[in-house]
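Beneath this line is the structure, given in structure tokens, with notes to follow.
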Amino acid sequence: LWVIKWKPLNEKELAAEKAKGSSKTRKIKARLTSRGDQDKAKHFKETESPTADKVGQRIVCHNAAQRHHYVESWDVGNAFFRSEPFGPNDLKVYMVPPPELAIPGKLMRLLLAVYGLVDAPFRFHKTLLKVLKENGYEPSVQTCIGSFYPEDWSVNKGEAQEKDMVTMSTHVDDLLAEGSQLRLDTIRKKLEKHLGDMTIQSKEFVHVGIEICQDQKTFTITHNQKRFADSLELIDVAAGRKRQTSAEVTPAELEELRSRVGMLSWLAINTRPDLSREVSRLQSETLKATIATIHSANKSIFKAKEFANAG
């Protein structure tokens, strides 16, 4: 058996919570998280949990726009607690409980893979796929994307029956589905019998970091990362160094530069191909970065923020 510890909220997370504070009462979510890094069997467990890539998610949105369907994001609550429990052949895992659950002299045995355990995402993926298939889901060749076909589906009648089809992509506990409102509601209710109530978002929502907006009359869909672009901050350079364009960056400046280039890369890959050239050049210059490199990065950040609605 393995004994692992619970994971408390760290100082950065506490600071982030305080920064969100307002005069209004807010509901703060608490999650039991384990120190999965202390699991001595972590290297021998199945951990690969496939997720839909951006192509799969674009296929769902393309189908919605083409078929005049609605697109919705469904979030499974307490996802890992919906996973299959540990079986008789699984190693027993015990956890030092947090103070709120502690009983003197007692450990807590985990019956399910909680957040933090390396195999938790894989176990949930297996459960989710089983539930989806039991309710008519047929996977496609594209990873983590599939369809729910009408009961009387026929290849010969395919185009006429597309209005009753539902396409879905999965990204751990975040599901993206398109279909008529009746079909979406019917399938979601079936899934909720096994997975519990899901959080539903439509019209305008964020799905795995991408802001998706659908016009409910024309069914057209746009993608952008405005919130993410707005959060980008320019790299601060000391006043005395700004004109020393050929000077090498300090370790602290290099850390900030790498962070911003990574964020710009995330934008370029998903919704801002117009930044690709600049990002590629910045990545190639990072190893021998100078103050001039930081100035170039700041120009790209300014461009990303100026056209934050682009996508």
Side-chain angles (χ1 to χ4, degrees), residues 1-10 12-14 16-17 27-52 72-137 139 143-146 168-177 187-201 207-209:
L1 63 89
W2 309 123
V3 178
I4 57 181
K5 294 181 180 179
W6 63 287
K7 181 184 176 183
L9 207 64
N10 63 36
K12 281 189 176 180
E13 291 168 325
L14 283 171
E17 285 297 332
K27 182 179 179 182
I28 296 178
K29 181 167 62 176
R31 175 178 291 161
L32 182 64
T33 306
S34 67
R35 285 288 304 274
D37 58 302
Q38 296 179 343
D39 184 352
K40 295 181 181 179
K42 62 179 179 290
H43 298 300
F44 309 103
K45 292 182 176 179
E46 185 72 50
T47 61
E48 185 178 351
S49 176
T51 56
E72 293 183 345
S73 176
W74 302 343
D75 179 29
V76 181
N78 297 315
F80 292 170
F81 289 135
R82 311 289 180 186
S83 305
E84 58 183 23
F86 290 125
N89 296 324
D90 291 312
L91 289 170
K92 294 180 180 178
V93 181
Y94 289 82
M95 181 173 168
V96 178
E100 294 85 354
L101 302 176
I103 299 175
K106 299 287 186 180
L107 293 173
M108 182 166 62
R109 181 181 171 187
L110 298 181
L111 303 180
L112 297 165
V114 299
Y115 286 89
L117 293 182
V118 294
D119 56 337
F122 171 74
R123 285 179 172 275
F124 175 71
H125 174 73
K126 280 179 60 179
T127 301
L128 176 63
L129 192 58
K130 179 183 177 183
V131 170
L132 290 176
K133 286 182 175 179
E134 287 174 350
N135 287 277
Y137 175 85
T143 303
C144 291
I145 182 172
M168 176 184 288
S169 67
T170 64
H171 192 281
V172 192
D173 56 352
D174 293 315
L175 316 180
L176 187 67
I187 290 171
R188 191 190 70 254
K189 287 175 183 177
K190 287 182 179 179
L191 299 181
E192 286 180 331
K193 290 179 181 179
H194 305 275
L195 301 173
D197 291 344
M198 292 188 277
T199 302
I200 309 158
Q201 292 182 296
H207 183 77
V208 293

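Just so you know, these numbers use all the heavy atoms, side chains as well, and skip hydrogens, waters and symmetry mates.
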Please list all pairs passing the ring-ring contact (aromatic ring centres under 6.0 Å, His included) test where one or both residues lie in residues 103-136, with sequence neighbours left out. F80-Y115

Spacing of L91 atom CG and K45 atom NZ [to the nearest 0.5 Å]: 6.5 Å

Under the rule for side-chain hydrogen bond (donor to acceptor under 3.5 Å, both in side chains), what residues qualify as partners of D173, not counting sequence neighbours? none

Between P85 and L112, the two heavy atoms sitting closest are CA-CD2, 3.4 Å

So R109 and K92, do their side chains get closer than 4.5 Å, heavy atoms only? yes

About how many Å separate CG of L110 and CG of D90, when rounded to the nearest 0.5 Å? 12.0 Å

Quick check: do T170 and T51 have side-chain heavy atoms less than 4.5 Å from each other? no

So, for A113 and L117, which heavy atoms are closest and what is the spacing to 0.1 Å? CA-CD1, 3.7 Å

Here the pair of heavy atoms bringing V114 nearest to A120 is O-CB, 3.5 Å

Within the 4.5 Å heavy-atom criterion, are S169 and C144 side-chain neighbours or not? no

Kindly compute the distance separating CG (L107) from OH (Y94), expressed to the nearest 0.5 Å. 8.0 Å

Under the side-chain hydrogen bond (donor to acceptor under 3.5 Å, both in side chains) test, which residues partner E84, sequence neighbours left out? K126

Please identify each residue that fulfils side-chain hydrogen bond (donor to acceptor under 3.5 Å, both in side chains) with H207, with sequence neighbours left out. S73

Work out which heavy atom in H171 is nearest to a heavy atom in A52; give both atom names and the distance. CD2-O, 3.7 Å

Residues forming a ring pair (Phe, Tyr, Trp, His ring centres under 6.0 Å) with F86, sequence neighbours excluded: none

Find the distance between CD1 (I187) and OH (Y137) and round it off to the nearest 0.5 Å. 11.5 Å

Which side-chain N or O atoms in residues 188-199 pair as donor and acceptor under 3.5 Å with protein atoms at least two apart or in another chain?
from, atom 1, to, atom 2, distance (Å)
R188, NH1, D185, OD1, 3.0
E192, OE2, M198, N, 3.0

Indicate yes or no: at least one non-hydrogen side-chain atom of I145 is less than 4.5 angstrom from one of M168. no

Quick one: side-chain hydrogen bond (donor to acceptor under 3.5 Å, both in side chains) partners of D75, sequence neighbours excluded? none

